[in-house]
Each structure stands twice: as structure tokens, then as C-alpha cells.
Amino acid sequence: HLIFIRRARALLQREQFDIVSGLTRFYPLDVYRMGGGIHKVWLRKKADSAVGRFLSFLRPFTWLALFLEKRIFDPRRCRRIIANSRLCHDQLLALYPYPPGRVTVIYNGIDHNYFNPRLRESHGTALRRSLGIPIEATVALFASNNLTRKGLDVAIDGLSRTGEKSLFLLVAGKGRSEPFLSLARTLGVSDRVRFLGPVDDMRAVYGASDLLALPTRYDPFANVCLEAMACGLPVITTVDNGASELVREGVNGFILSGPRDAWTLAAHLVALTDAARRARLAGAARETSLAYTIDRNAGETLVVYTAILEERNAHDR
């Protein structure tokens, strides 16, 4: 990370650009897109105990991240900030003295032709058969490349509390699966959990699923939620996920008040085993997603860029 910063700054000294827009921890910037959220918030949420939080501060990266974060959120070093959720917007303003008028919320966009409900017919049925999952079963999807942070243990725990033998859990993403396999065996649901590992093309996985369960500890905006909704999957997630701002309780999904509430997760999973109810939520989820396009995201981002150029031109005049 430090090498990247050094080389990027050297490049900026050699050349002139209209806009310097950052997607990672770097300064100075015209625009910082806060896609990774706020590290100070994550440190508070990642550990279950004071000891765990203390141990996090022993990592050199923690100190680097906090050092860079403090400087990026200094209005003298970054002229505009794009937050990908209201959650991150509010957390930023609560923790750092940044001018509210220079923070813009721009939600992610999705390709609705690539992610769509037709994937069940074109991809999903075949994947179910290959995994030994009955066509008539209800399949909950957990998708993440950070199994611990996104709450896979809670998802497995919630599955075990449902008592529904026709409810399966698909797990897509990289990470050590052994601890979670062991948990599934301990809770007696290993026969209803399928680990897929890293998946390059998620379309078949969405097509094989009926809903998304993501009891995440902290997520600025989990794009998997928007992708799932575009595919017609109701979403169960937590208030600690910025994407929950797109979820309407009982209409297109459910929101957990805390990331460790396995009992409430189980209740929502059971509710979505009802095919008629699930179909209503699926249609509403797809409809919600249609407002969030790549063109909309790009257009709103260009508004921020244009404001910076206009300010610069006025200053030059």
C-alpha cells in the first residue's frame, strides 16, 4: 500500500489531470469514493470482546489505515467524498469534522440484463441437480469473500434453528471453509450446506437460489444484495449493511437489528419457505433494483466531478 502511494504521488507530480479520483486509501484527492467504509467503525464491530478489539490494534495495517483515513477525511486534502450509502455518510460525519455539503451519497448500479430472474431457467436448475439439491427445496444463498465478517456462522446457526429439512444453504466465496463445515456438523445441518468456493460467474448461483441471507457485521454497501435483488431474490441482511437502505421490511426482504441474531434470521428463513410469499417479495426485490443502474451511478458521479471543475474554474477566474 505504501509503495502504491509513493508511485501514485510521483505520477501526479509528473502529469496534470483534471480530476484525481480515489477508490482506495490515498491522498491528496479531488474525490474519494468511500467504498470500503470507515476503518474506525469496522474496528469497533469486528471483534466480540474488548480483548479482540485490542488485538486488532497490534496489527501494523490498523495503524496505517487509521493514519490514512484521518488525512483523507481532512477537507484540505480531499475536496469531495462519495459515500455509497447513507450509513457511511452518517458515520463519516459523526466521526470526522468534514463539511456535510461536500459528501454525496451515490448508490451502486447494476446491469439488469446480466443479473435477472431468468437465470433460474437458464442456469439454476442444472446447478441444483449437480449439487444434489431437490428442485422443490428452498435455497438460501450466502455469498462473500470474507466468510467471518459477513456472518456465515450466524447463517449456519440460523439454518439449524429453522427445523426445515427442505431448506438448504449455498455458500459462495473464498475463505477457509473448515471451521464452518465443523460448525454445520456440530449443529446437524452439514447435509443441507453446500460450499462452492470462489465463483467467477455468480449467475448460475443466483439462478439456483431463492433468497440471499447476509447477516454481515459491517458492510458499507454489499453489492451482492443489489445483484440478488436484480435476480429476483428477497434479501435478509442487517442494519450494519448500507444495502439495507434498499430493503423494505416484509416487502422485498428483511432487516436484522443485529448481526448475531440467529433466532430472528431463522424466523425470516422460515417465512420465505412459503412459495407464494417468497414470490411476492421476489417481484418487489426485482422492481426495487431497477432504479439502481450503472448509468444512474455514472451520471451522479459526473455531477460531483463537474462541481469540482466549476469550483476550480471560478477560483482561477
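Here the structure is a predicted model, which means the values were calculated and not measured.
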Legend entry - Distance, nearest 0.5 Å, that separates OG1 of T62 from CH2 of W42: 11.0 Å

Inset, instruction - Look up atom CZ in F254 and atom CD1 in I236, then write down how far apart they are to the nearest 0.5 Å. - result: 6.5 Å

Inset, instruction - Please examine the side chains of F168 and P134, heavy atoms only from C-beta on, and report whether any two atoms are closer than 4.5 Å. - result: yes

Inset, instruction - Could you state whether L196 and L169 fall into the same hydrophobic cluster, counting links through intermediate Ile, Leu, Val, Met, Phe, Trp or Tyr residues with side-chain heavy atoms under 4.5 angstrom apart? - result: yes

Inset, instruction - May I ask you to decide if A291's main-chain N or O and R296's side chain share a donor-acceptor pair within less than 3.5 Å? - result: yes

Legend entry - Trace of the side chain to side chain contact (heavy atoms under 4.5 Å, CB included) decision for R9 with Y27: CA-CA 9 Å; R9 284 182 176 168; Y27 70 92; 3.1 Å; yes

Inset, instruction - Find out whether Y218 and I38 are in side-chain contact, i.e. whether some heavy atom of one side chain is under 4.5 Å from a heavy atom of the other. - result: yes

Inset, instruction - May I ask you to test the V304-I106 pair for a side-chain heavy-atom distance under 4.5 Å? - result: yes

Inset, instruction - Identify the two heavy atoms, one from L141 and one from S209, that lie closest to each other, and give their separation to 0.1 Å. - result: CB-OG, 3.4 Å

Legend entry - Donor-acceptor under 3.5 Å (D30 side chain, S21 main chain): no

Legend entry - T288 side, atom OG1; M229 side, atom CE - distance, nearest 0.5 Å: 4.5 Å

Legend entry - Same apolar cluster (I L V M F W Y, side chains within < 4.5 Å links), V105/Y98: no

Inset, instruction - Give a yes or no on this: more than 12 heavy atoms of other residues, nucleotides or ligands lie within 6.0 Å of atom NZ of K70. - result: no

Inset, instruction - Taking atom CG of L302 as the centre, report whether more than 12 heavy atoms of other residues, nucleotides or ligands fall under 6.0 Å from it. - result: yes

Legend entry - Polar contact flag, side-chain donor to acceptor under 3.5 angstrom, Y96-E69: yes

Inset, instruction - Indicate if V103 and I308 have the same hydrophobic cluster label, given that clusters are the connected sets of ILVMFWY residues with side-chain heavy-atom separations under 4.5 angstrom. - result: no

Inset, instruction - Starting from the C-alpha separation in whole Å, work towards a yes-or-no answer on side chain to side chain contact (heavy atoms under 4.5 Å, CB included) for L269 and E164. - result: CA-CA 9 Å; L269 290 172; E164 295 283 344; over 6 Å; no

Legend entry - Backbone N/O of N113 and side chain of N116: donor-acceptor pair under 3.5 Å: yes

Inset, instruction - Would you mind reporting whether D240 and R217 have side-chain heavy atoms less than 4.5 Å apart? - result: no

Legend entry - Nearest-0.5 Å distance that lies between atom CG in L2 and atom CG in L64: 5.0 Å

Inset, instruction - Search all heavy atoms of V205 against all heavy atoms of A172 and return the closest pair with its distance. - result: CG1-CB, 4.4 Å

Legend entry - Joint cluster assignment, F195 & L127, ILVMFWY side-chain distance < 4.5 Å: yes

Inset, instruction - Please indicate whether R129 has more than 12 foreign heavy atoms, meaning atoms of other residues, nucleotides or ligands, lying under 6.0 Å from its CZ. - result: no

Inset, instruction - Give the minimum heavy-atom separation between P234 and L281, together with the two atoms involved. - result: CG-CB, 3.7 Å

Inset, instruction - Would you mind reporting whether L256 and H268 have side-chain heavy atoms less than 4.5 Å apart? - result: yes

Legend entry - Other residues, nucleotides, ligands: >12 heavy atoms within 6.0 Å of R118 CZ: no

Inset, instruction - Please lay out, stage by stage, how L131 and L170 fare under the test side chain to side chain contact (heavy atoms under 4.5 Å, CB included). - result: CA-CA 10 Å; L131 295 171; L170 276 186; 3.5 Å; yes

Inset, instruction - I would like to know whether Y107 and E300 meet side chain to side chain contact (heavy atoms under 4.5 Å, CB included); could you show each step before the answer? - result: CA-CA 9 Å; Y107 290 110; E300 292 177 354; 6.0 Å; no

Legend entry - Six-ring centre of Y114, R203 cation under 6.0 angstrom, axis tolerance 45°: yes

Legend entry - Main-chain N/O of D191 paired to R194 side chain as donor or acceptor, under 3.5 Å: yes

Legend entry - Lys/Arg-Asp/Glu bridge criterion (N-O < 4.0 Å) met for R102, E311: no

Legend entry - Identified side-chain hydrogen bond (donor to acceptor under 3.5 Å, both in side chains) partner of K150 from the options N145, D219, N241, T216: D219

Legend entry - Separation between CG of L12 and CZ of F17, rounded to the nearest 0.5 Å: 6.0 Å

Legend entry - Side-chain (E245) to main-chain (R86) donor-acceptor, under 3.5 angstrom: yes

Legend entry - Donor-acceptor under 3.5 Å (S85 side chain, A243 main chain): no

Legend entry - L309 side chain near T306 side chain, heavy-atom distance below 4.5 Å: no

Inset, instruction - Could you check whether the rings of F26 and F4 sit parallel, tilted or perpendicular, using 30° and 60° as the cut-offs? - result: perpendicular

Inset, instruction - Measure the shortest side-chain to side-chain distance between L214 and F142 over non-hydrogen atoms and say whether it is less than 4.5 angstrom. - result: yes

Inset, instruction - Decide whether V41 and F73 are clustered together by the hydrophobic rule: side chain heavy atoms of Ile, Leu, Val, Met, Phe, Trp, Tyr closer than 4.5 Å, transitively. - result: yes

Inset, instruction - Would you verify whether the NZ or CZ of R286 falls within 45 degrees of the ring axis of F115 while also being under 6.0 Å from that six-membered ring's centre? - result: no

Inset, instruction - Over all heavy atoms of both residues, which pair between G151 and P215 is shortest? Give the atoms and the distance, please. - result: O-CG, 3.2 Å

Inset, instruction - Write down the atom of T293, the atom of L290, and the distance for their closest heavy-atom approach. - result: CG2-O, 3.5 Å

Legend entry - Side-chain donor/acceptor of H112 to backbone N/O of S289, under 3.5 Å: yes

Legend entry - Salt-bridge contact R128-D210 (side-chain N to carboxylate O under 4.0 Å): yes

Legend entry - Main-chain N/O of I110 paired with E227 side-chain donor or acceptor, under 3.5 Å: no

Legend entry - Sidechain-backbone polar pair: T301 side chain, N297 backbone, donor-acceptor under 3.5 Å: yes

Legend entry - R161 with D157: basic N within carboxylate O range, under 4.0 Å: yes

Inset, instruction - Measure the spacing between OG1 of T138 and CD of E136 and express it to the nearest 0.5 Å. - result: 9.5 Å

Inset, instruction - Taking the side chain as every heavy atom from C-beta outward, state whether L68 and H39 have any atom pair closer than 4.5 Å. - result: no

Inset, instruction - Would you check if the side chain of R185 reaches a backbone N or O of S190 as a donor-acceptor pair within less than 3.5 Å? - result: no

Legend entry - Over all atoms of both residues, closest heavy-atom pair of P220 and C88: CB-SG, 3.4 Å

